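Take a look at the structure set out below.
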Amino acid sequence: LVETIFDTLNAKAALYAIEEVFDKVGERLPVMVSVTITDKSGRTLSGQTPAAFWYSIEHAKPISVGINCALGAEDMRPYLEELSEVAPCYISIYANAGLPNAFGGYDDKPEDMAKIYDDFAEHGLANIWGGCCGTTPEHIHAMAEVVKKHTPRIPPSPDTQPRFSGLEALRITPEMNLIMVGERSNITGSPKFARLIREGDLEGALQIARHQIETGANIIDINMDEGLIDSKDMMVKFLNLVASEPDISRVPIMIDSSKWEVIEAGLKCVQGKGIVNSISMKEGEDAFREQARKIQRYGAGMVVMAFDETGQADTTQRRIDICTRAYRILVDELDIDPTDIIFDPNIFPVGTGMEEHRINATSFFEATKVIRDTLPGVSVSGGLSNVSFSFRGNNPVREAIHAAFLYHGMEAGLNMAIVNPGMLDVYDEVEPDLMKAVEDVVLNRTDDATEHLIEVAERIKAERSGEKKEVVTQEWLSLIHI
Ligand code: THG
């Protein structure tokens with residue numbers, strides 16, 4: 001029993017340690033988890049809502065989750081309700097006999113608590129009942145008398161939608177158009193972020209992270225991979241700063257690094273259910289299994305790149321084959337929840353002039369469709385800005401390519417993307433001539449599509465000075481319905 005939890009990161013460390021002990025002794029015991037909510041904000045002391053808390057610890061597959069100690073039974077009702085709705089395991093409650101009074105005593109009598117538990121039991125809010133500070137055998141006796149009159153709570157069936165958390169819960173439902181992951185807090189993807197980090201202006205760097213959320217990001221990607229800095233140290237430093245900014249840490253965090261030691265250090269800093277970006281089979285199945293198992297134990301989701309021992313997948317069939325092989329290992333062998341898996345079938349640039357790049361977008365779409373249709377539970381994501389790399393310096397054209405790619409990608413089943421959230425164009429609002437030229441390239445419709453787009457791009461570049469209004473992206477997202 002991990003109980004009286006007020007700091008989820010601490011609890012996750014305890015749950016990790018428990019799993020290590022189970023491994024060592026070769027035996028599993030049921031695990032119970034109990035959180036405490038000490039004020040009427042309805043959040044843990046470390047700032048999480050009950051659902052966000054549950055998403056952070058459910059990987060431990062506890063036999064029960066519940067609430068103990070704190071304010072007394074009466075005030076626990078809304079939090080117990082929320083937990084009871086989201087958690088498909090048993091629910092426990094063992095409250096204090098009220099708030100401590102001025103003399104450090106507890107005023108709620110056995111009959112007071114029994115009356116409250118009677119109501120909770122009638123509404124099916126819990127399965128396991130007890131008392132914390134200030135309760136006595138008489139309290140327990142009175143509770144037992146009332147709750148046994150009611151039929152036991154029936155836990156809801158296991159959740160089949162992806163769920164992540166920061167201070168708040170992010171549950172991804174099919175009605176959501178696209179989950180946007182902010183790309184700008186990336187030292188290699190944003191020269192401005194890189195400069196701020198290099199100059200030690202972490203406050204300025206936090207502002208970039210915050211701005212992405214203000215302009216629509218549901219998750220933020222953080223990447224500190226740069227040769228000249230200590231990436232691991234900077235990842236830890238930055239994540240700890242993010243943790244103390246509630247307007248940033250309310251969203252789930254995607255820890256982006258090509259170095260496993262940076263990823264693992266990052267996982268030890270986030271109390272919510274974050275996402276690792278990324279793992280793959282590029283070093284073979286054993287390393288992949290080991291990393292996936294660890295991520296599961298830390299309680300995070302994982303981006304799995306379509307990358308194997310022979311390299312990155314660049315055809316439809318290779319994208320599908322690698323993702324399918326990874327799925328079988330993760331889901332069948334390691335018992336990882338498929339909703340914790342986000343496949344990234346590789347967004348590569350189009351319009352490069354190279355013949356073999358002409359299929360880069362269409363192959364991504366075809367693979368995405370098969371992955372979503374045949375590998376149940378998974379999400380598909382990708383780094384959107386990659387697709388327009390060959391039009392760097394020409395933002396109107398880049399944004400039009402992004403709009404077209406997202407439109408067709410979402411139609412195929414892309415439900416998440418790493419994007420610059422304030423800079424997305426609405427598909428229907430892109431000038432038709434430009435969109436036609438862009439779609440000829442993206443959809444590989446004509447042999448001279450790239451040459452034609454380059455001509456259009458040059459004209460547009462001459463016309464516009466490259467200025468670009470920022471929009472709050474949620475607004476346009478509600479405009480496209482796929
Ligand atoms: N898949 C996964 N993770 C990823 C990627 C991916 N992480 C990194 C990257 N690709 C996604 N992130 C970015 C971030 C920025 C840019 C592209 C991808 C980008 N930046 C501008 C540029 O370089 O032209 C910066 C311009 C500026 O700020 O002035 O394009 O594919 N799983």
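Everything numeric here is computed off the predicted structure, so don't read it as measured data. In listed order, ligands and their atoms are each counted from 1.
Residues passing the side chain to side chain donor-acceptor pair (under 3.5 Å) test with Asp433, sequence neighbours excluded: none. Every residue two or more places apart in sequence or in another chain that forms a ring pair (Phe, Tyr, Trp, His ring centres under 6.0 Å) with Tyr298 is listed here: Tyr16. With sequence neighbours excluded, no residue satisfies ring pair (Phe, Tyr, Trp, His ring centres under 6.0 Å) with Phe164.
Using a heavy-atom distance under 4.0 Å as the criterion, the protein contacts of ligand 1 are Glu183, Arg184, Asn186, Gly189, Pro191, Asp256, Asn277, Val303, Met305, Asp344, Gly383, Ser385, Asn386, Phe389, Arg392, Arg398, Ile418.
Partner Gln271 forms a side chain to side chain donor-acceptor pair (under 3.5 Å) with one of Ser46, Ser249, Ser165 and no other, that one being Ser46.
Relative ring orientation between Tyr427 and His408 is described as perpendicular, the plane-to-plane angle rising above 60° on a 0-90° scale split at 30° and 60°.
Salt bridge status for Asp447 with Arg358: present, with a side-chain N to carboxylate O gap under 4.0 Å.
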